[in-house]
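To find a chain, count down the sequence lines: A is the first, B the second, and so on, and within it residues start at 1. Side chains are part of it too, since the values below use all heavy atoms of this structure and drop only hydrogens, waters and symmetry mates.
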Amino acid sequence: MKSGRPRCVTCTYRCPRKRERVRNRTHRDRDPSATMLCATNNITYPSWCHIVKDACVTGFVLETRHAGPCNAYDTSPFYIEEDNTSSNYGVDLADEDTRFEESLSYNGQTHRSLALSCAWEVCIIPDNFAKTGHSNNWAVLVDTSRFWFNYRHVANVLSIYRSVKRLGIPDSQIILMIADDMACNPRNPRPATVFNNIKQHINVYGDDVEVDYRGYEVTVENFVRLLTGRLAPETPRSKKLLTDEGSNILIYLTGHGGNGFLKFQDSEEITSKELGDALEQMWQKRRYHEILFIVDTCQASSMYEKFYSPNILAVASSLVGEDSLSHHLDPAIGVYIIDRYTYYALDFLEKVEPSSSKTLGEFLKVCPKHYCLSTVGVRKDLFRRDPDKVPVTDFFGSLRPIELTTSIINVLSPVKTNKTKAIEPERKYSYVAQFPDMNPFSTLIVIFTLCTLSFTKLNEEYVQVYQIELNELKKMKQEPPEDPAINSFATEPPPLLPLCTSTGYFRDSFNCKKFYHCQHAKAIPMGYYCKANLVFNPHTLSCDNPQYVIC
Amino acid sequence: MIHFKIPLLSFIFITFIKCVSPQNDFFDEELMLKPLPSNHVYAYFQFTTVWETTKDATTFMKCVIKYKYSIIQHSHLFPRGLGEIISRHNVDELHLTLTKGLWHYQKWGYPYHDAGPGAEITTWFHKDVKNVDDEWKGLTNALAGLFCASLNFVNPANSISPEYTFRPTGVVDRSAGVVDSVNSSHLRYSSLPREIVCTENLTPFKKLLPCDSKKGLATLLNSAYIHNTNYHSIGIHFRVICSNTICTKTSLELRQSVSLIYDTVTDVSQDWSIRKFFGMGIRGACPLATLSNIYIDISSNNTNQIYELVPSPSAKIVSLRGGQLNEIAVYDIRSHSSKGIFNIQVLYNTTHTAGLNYPSILYANRYIIGYGQERGSLVTKIYNNYWQTLDIILLESIPWYLPRYLPGKERKSPYYLELILRLPPQSVTKFSIEMDYSFLKWQEYPPDANHGFYMGPAIITALLPIARNYTPLPLDGSTITSSFNASREGYLVQLRTESLLISLPTPDFSMPYNVICLACTAVALAFGPLHNISTKRLVLKRVEMDWKEKLLSFLMKKIVKSKKKQE
């Protein structure tokens, strides 16, 4: 799990031979070697799918080394990680799976030249490429910090949650991970609220928040499993990232980090390499279309340095060697309330409407150095589009696919229902006795007590049970309950002497045989006991037979 | 695409037909406000959905196994999300509570639903379920997703199936030829006392209601006000009940409850109102509800507290139950909300006065004694204030990391003990168990191990002979109205004691400690060889052999020689 690399369990990959054939027919002039991929074992495969399949069958970890047949290019073993050809790899893979349907407008020739130009030069992105191709939006928002003094990290993640929810991503497509409870924390003087500002303008927690992973569930393992989709079979739908090849994902991480790692819950950490591998696995499993990765932590830019998968735009609140600073302190709660980068990001996002044309380019400039006190780092080389032309709502908003149909469907067609008209035998139901009948147990109690007592003698540290015989009880003097505070810190010692509220006789609330006489209000009452077998009757103010008194 | 559309449309079609035809389910919303003698106010919301399924429970379940969701997808008022989970995992009865705070039985009486701190879940699976543990795991995970709670931490290591404490509250099949199905092997109970309860749990809870939180009493459930209380508990209670008096047919009943304790002691004025407690007045009843009522218990009025209700109630009911007389003011929301938002105020004529407190006849508390981090003792004290003996069942459940010589297994199942006790009249019974604090494996410690480990409450079940301070609904009742004048032979209570925080021996995970350990190890490793080299000298020593070894070496030499010769 640590490496985040794929370890297949069942090899049920079906590689798209048929589609490939169809595509080859439509693009006859295409060089078939452009779809070839070279894997890390120096074997040329027809597509990435075949690599995954082979990796699964052989049990080795296989990754794509580069596009095209092996030995055609450089044979350096660290080709992908070192070189910047991942965009080439990305274009090619994109063509292999998702681009195909949308890319009918351009032919294979331009595509191949693009692939080649990307391999060696900075990509020149054609305009039709900058069009969005995603069909749904998801958000993974993670706060990795536990403890009250990390209030600001929860405020950070809830700020982004509020924005994406306001801009239209439904709760079912937001995975919110919060490592600790700040809203209902006993230290929070304003329960069920988390504010982003000392003036309490915005309650980022809101009134209908849904937290999917919380508390101890926020672990590195769960996070990587969530991203890669390798969850236990019983995991509920709300805890799954059910993305596909048309999903734009916003990943937002906040917490305490250092150079190359991000701490989870102060006890474990995810390294940038593990995160990069997890994203690569997502790409290979066609779990995303594009990712906007935002990280707000110290030395944040180190987290995206090891990424090598395509279509990722990464933003970090600070560069390596810099700290991400908090915005301001709220004396009412005694801790810093939000971090600078997210504060200004929320400030920007609050002005965005679902229909607005604000671009990611503007979003990348939200926190200049004199506001943030740290340099916001951006990594654009994996991202195929120009951020200045991408609307912010491509990641922060949600696109709902609407499919119009012109065919007429007969609604009134007969509906087959699974009605089983079996004749049921007459049944009789009844409620169960809620308390066992005690008489059969009285012998059992005695036996049990004897056993326990014998055990107690055998083993001095065994359970001690004190059984008081009924016969003995009658001889004993009845006393009000002992003050539990004598032996322990009881939560609620019963009042031994009631206070007089008015003149007269009152029955003791614990002991029906006992009653008090009050001379006047607020006096100390005089206690009396009724004679044996009598209890005090508060209606007649006298000692009475027990059968006439509700006690 | 068409393949997807046809079932969808047919579903819409079915619901359309269902909406036209009269429904066999109904929904009630009720709120009980009860001023307590300790100057707290107990607010209890109950949303009841009763669904008269034409099929009895067993066929319903069988049918569900055969065609998954076949029945539940036609639900009308019953929440479908929960219905699917219930039918999928073949659940007969489900009780789930999410609670923050401790209920003071002595001061506040007995609540409508007892609930221990944190999350608590009790489930009866259907008797046909083969692998109960698997269904239990699936159910808790599904509910974790539905209620945004960490119920997925429920596992066999913290679940028990006690024999006597829990009985099915729903009906069971008693017809001829049916084996008695009450078997605790199909029961699972688990408590997660650590669980926090906040808005994210209330949001999905409200979404299960037919009117969501848009209309009716649910509009009063504003999280900022609800979580600002001394005690709050939300609960889901599903069971199968009789749908006719002779009980040959069954219905499904879902009770969604919210219990809140508001404090009026700290306020300047003792007056309270709906708006003060919930932030807003009542806009109107849920249109889907058949019963939409607010009750205020005014028994304490005119004793030593005098208050008046504004506006005056629609009706007043006198309820005599088990020796306890209660006067209840009833507000029908429909008739009051015709003029818009309305608010109920309780105005006191006097300044702060405490009510007369008749303490509950049975209550308990639990604590840990001992010192050090090796062993301790768990003490449960049970108070019987009644003038006669009381029979109780005490369920002590102890996590596996506090080993005790009871049935249970480390890391596999918790230790639990069920005792049936007869408490003498006017007595305090003290029950103590000694336990060891075990040292866990380092990966088993949570990130904040020094905070301590929570231990769930003990449960005390008793059938009280009188109904003093007793509020729960009778077994055959579904709504709050059914608890008025409901005298029975006994009144069942299930008290929960405090959950406890235990500090287990915890290694120091902090950096300085680890640095010291590492440095010391390095020094020790370096010092040993250096010391050996500088103080010892290596000398060759002749090997002394006795006659057996000599013989052996002689034979070995022979063999080796003969082999060499062959080569």
Residues forming a side-chain hydrogen bond (donor to acceptor under 3.5 Å, both in side chains) with B:Gln324, sequence neighbours excluded: none

Please look at [X] and chain A and tell me whether the side chain, the backbone, both or neither of the residue comes under 4.5 angstrom of a heavy atom of that chain.
{"X": "B:Leu139", "value": "neither"}
{"X": "B:Ile466", "value": "side chain"}
{"X": "B:Tyr445", "value": "neither"}
{"X": "B:Leu475", "value": "both"}
{"X": "B:Asn228", "value": "both"}
{"X": "B:Asp134", "value": "neither"}
{"X": "B:Ala149", "value": "both"}
{"X": "B:Val379", "value": "neither"}
{"X": "B:Thr169", "value": "both"}

Could you pull out the closest heavy-atom pair between [X] and [Y], with the gap in Å?
{"X": "B:Tyr386", "Y": "B:Pro465", "result": "CE2-CG, 3.4 Å"}
{"X": "A:Glu269", "Y": "A:Lys263", "result": "CB-CA, 3.9 Å"}
{"X": "B:His232", "Y": "B:Val197", "result": "CE1-O, 3.9 Å"}
{"X": "A:Asn150", "Y": "A:Arg146", "result": "ND2-O, 2.6 Å"}

Chain A contacts, top residue of B:Ala449, B:Gly138, B:Gly145 (heavy-atom pairs, under 4.5 Å): B:Gly145

Which of B:Ala144, B:Pro204, B:Ser213, B:Ala462 touches chain A most, by non-hydrogen pairs under 4.5 Å: B:Ala462

B:Asp391 side chain vs B:Arg422 backbone, donor-acceptor pair below 3.5 Å: no

Over 12 non-hydrogen atoms of neighbours within 6.0 angstrom of NZ in B:Lys137: no

Side-chain heavy atoms of B:Ile361 within contact of B:Gln388, under 4.5 Å: no

Using heavy-atom distances under 4.5 Å, tell me whether [X] contacts chain B through its side chain, its backbone, both, or neither.
{"X": "A:Asp266", "value": "neither"}
{"X": "A:Phe264", "value": "neither"}
{"X": "A:Ala179", "value": "neither"}
{"X": "A:Phe147", "value": "side chain"}

N-O pairing of B:Glu195 and A:Arg214 below 4.0 Å: yes

Partners meeting disulfide bond (SG atoms under 2.5 Å apart) with B:Cys198 (sequence neighbours left out): A:Cys184

Residue, of A:Arg190, A:Glu210, A:Gln265, A:Glu234, that accumulates the most heavy atom pairs under 4.5 Å with chain B: A:Glu234

